[in-house]
Protein chains: 2
Amino acid sequence: MNDHYDKIKNLLIQKNIRPSMHRIKILEYLLANETHPTADRIYNALSAELPTVSRMTVYNTLAIFTERELVHEISIGENESRYDIVTEPHGHFKCTSCGTIYNFDIKADLLASIEPVDFKVMERDVYFKGICPKCL
Amino acid sequence: MNDHYDKIKNLLIQKNIRPSMHRIKILEYLLANETHPTADRIYNALSAELPTVSRMTVYNTLAIFTERELVHEISIGENESRYDIVTEPHGHFKCTSCGTIYNFDIKADLLASIEPVDFKVMERDVYFKGICPKCL
DNA sequence: TTCAAAATTTATAATGATTATAAATACATT
DNA sequence: AATGTATTTATAATCATTATAAATTTTGAA
């Protein structure tokens, strides 16, 4: 039975995160909505189903997820952080017209090739801004 | 005479910014301190010489400078913006140990090569994080 | 099962960078 | 000098995030 939640639970356990109800629901939301949501957006979406959830829990949970590298925090010059399920390395493009944040591919070895020598690089963010095809 | 300030004035005039005293002093500070200062750091440094300067003026001025592309705003995942005199394209590396933000070279054509097709890219930020040679 | 310690969650208030607003001052042009 | 415009200032407001401590839930041993 419940394959769906078992998979999500296992993702948490693999990262050494205890699978509480709220953590499962937040991870489920992130897996289903690859729209780079903000903490507030997640909070609002979950409030419908989990009336007792608090904003703090969302913030706490996202902090743990980020620390354990389940998600990646995006700070593309806005005043609020956005969150992305970590998969392949990729860049982010923000359309300054409609606000949408797009993913775009970047080859991992290309990213490695620009690393400054003698520095230990642990995190790589590429943020481009401009106008998306829809708005052009 | 006063070559120094004439040069700074001209930089402002070239970008269509009227060269008020405070704007000249802020640009002078940015030219002399390529340390990616925050608005607050600039405000504090200038307060010594210009006792009447207000924080708002620093914020206003940095906003104009950014808009006219005299400086570049850096948002490398901190809660405050930093400012960089715009010169050649380059990446930024933040040492998570000592907090220093380093510049590192990126070839302009390499940056162009990773642009997603059909998007009009107007701004390119590359932010790496990790440990710098000093802290290693 | 029961109980105590640990982990998680909640409610509330605080923080702090940035922005909004409107008044005051400086500047430019006739 | 007078007038309109641009700049600067002081003050208060905003708002995402964090701090704190109490409440609740979970866990694991007895």
Side-chain angles (χ1 to χ4, degrees), chain A residues 5 8-9 12-13 15-29 36-68 70-83 94 99 101, chain B residues 5 8-9 12-13 15-29 36-68 70-83 94 99 101:
Chain A
Y5 284 116
I8 294 173
K9 267 192 192 173
L12 290 168
I13 292 165
K15 295 289 186 175
N16 212 29
I17 300 170
R18 294 162 79 158
S20 75
M21 157 80 108
H22 289 169
R23 289 169 177 175
I24 290 170
K25 287 292 185 182
I26 290 171
L27 181 52
E28 182 186 31
Y29 183 87
H36 317 101
T38 62
D40 203 58
R41 177 160 204 78
I42 297 169
Y43 168 74
N44 285 317
L46 292 187
S47 289
E49 201 184 342
L50 306 172
T52 72
V53 77
S54 78
R55 248 187 205 84
M56 259 320 289
T57 296
V58 177
Y59 278 108
N60 283 338
T61 302
L62 290 170
I64 295 178
F65 285 7
T66 301
E67 185 200 320
R68 304 285 162 84
L70 245 185
V71 302
H72 186 76
E73 192 178 354
I74 303 172
S75 314
I76 191 164
E78 298 171 302
N79 58 341
E80 47 190 356
S81 288
R82 293 169 169 277
Y83 296 87
K94 179 178 182 188
I101 295 175
Chain B
Y5 284 116
I8 294 174
K9 268 191 190 172
L12 290 168
I13 292 166
K15 294 289 186 176
N16 212 30
I17 300 169
R18 292 163 79 157
S20 75
M21 159 80 109
H22 289 168
R23 288 169 177 174
I24 291 170
K25 286 293 186 181
I26 291 171
L27 181 51
E28 181 186 31
Y29 183 86
H36 317 100
T38 62
D40 203 57
R41 177 159 205 78
I42 297 168
Y43 168 73
N44 285 316
L46 293 187
S47 288
E49 200 185 344
L50 306 172
T52 71
V53 78
S54 78
R55 247 186 206 85
M56 260 318 290
T57 296
V58 176
Y59 277 109
N60 283 338
T61 302
L62 291 170
I64 296 178
F65 286 6
T66 301
E67 186 200 319
R68 305 285 162 84
L70 245 185
V71 302
H72 186 76
E73 192 178 355
I74 304 173
S75 314
I76 191 163
E78 298 171 304
N79 58 342
E80 46 190 357
S81 288
R82 293 169 168 276
Y83 296 87
K94 180 180 180 186
I101 294 176

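Shown here are the side-chain hydrogen bond (donor to acceptor under 3.5 Å, both in side chains) partners of B:Lys9, two or more places apart in sequence or in another chain: there are none. Scanning for side-chain contact (heavy atoms from CB on, under 4.5 Å) contacts around A:Glu80 gives A:Thr38, with sequence neighbours left out. Evaluation of the side-chain hydrogen bond (donor to acceptor under 3.5 Å, both in side chains) rule for B:Arg55 yields B:Asp40 as partners, not counting sequence neighbours. Every residue two or more places apart in sequence or in another chain that forms a side-chain hydrogen bond (donor to acceptor under 3.5 Å, both in side chains) with A:Ser54 is listed here: A:Thr57. Remark: B:His36 engages B:His92 in a ring pair (Phe, Tyr, Trp, His ring centres under 6.0 Å) (not counting sequence neighbours). Residues that satisfy the side-chain contact (heavy atoms from CB on, under 4.5 Å) test with A:Arg18, not counting sequence neighbours, are A:Arg23.
Interatomic distance, B:Ile13 CD1 to B:Ile8 CD1, rounded to the nearest 0.5 Å: 12.0 Å. Between the CD1 atom of A:Ile64 and the CG atom of A:Asn16 there is a distance of 10.5 Å, given to the nearest 0.5 Å. Here the straight-line distance linking atom OG1 of A:Thr52 with atom CG of A:Leu50 works out to 6.5 Å at 0.5 Å rounding. To the nearest 0.5 Å, atoms CG (A:Leu46) and CD (A:Glu28) are separated by 8.5 Å.
Smallest separation of non-hydrogen atoms from B:Ala39 and B:Val58: O-CG1, 3.6 Å. Heavy atoms only, all atoms of each residue included: A:Val53 and A:Ser47 are closest at CG1-OG, 4.1 Å. For B:Arg68 against B:Lys15, the heavy-atom pair with the smallest separation is O-CD, 3.3 Å.
A 4.5 Å side-chain heavy-atom check between A:Arg41 and A:Tyr29 finds at least one atom pair inside the cut-off.
Looking at heavy-atom distances under 4.0 Å, B:Thr38 makes no contact with the nucleic acid at all. Using a 4.0 Å heavy-atom cutoff across all strands shown, B:Ser54 reaches at least one base atom of the nucleic acid.
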For nucleotides 13-15 of chain D, tabulate all protein N/O to nucleotide N/O atom pairs closer than 3.5 Å, reporting atom names and distance.
none

Each nucleotide N or O in nucleotides 25-29 of chain D that has a protein N or O under 3.5 Å away: list the pair and distance.
none

Would you mind writing out the side-chain donor-acceptor pairs for residues 70-78 of chain A within the sub-3.5 Å range, not counting sequence neighbours?
unit_1  : atom_1 : unit_2   : atom_2 : d
A:His72 : NE2    : A:Asp125 : OD1    : 2.6
A:Glu73 : OE2    : A:Ser81  : OG     : 2.8
A:Glu78 : OE1    : A:Arg82  : NE     : 2.8
A:Glu78 : OE2    : A:Lys94  : NZ     : 3.0

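Nucleotides of DNA chain C with any atom under 4.0 Å from a heavy atom of chain B span, from 5' to 3', C:dA17 to C:dA28.
Between A:Glu78 atom CD and D:dT17 atom P the separation is 10 Å, expressed in whole Å.
Contacts with DNA chain D (heavy atom under 4.0 Å) in residues 56-65 of chain B: B:Met56, B:Thr57, B:Asn60, listed by number. Residues from residues 40-52 of chain A that place a heavy atom under 4.0 Å from any atom of DNA chain C, listed by number: A:Thr52.
OP1 or OP2 of D:dT7 has at least one side-chain nitrogen or oxygen of B:Arg23 nearer than 4.0 Å.
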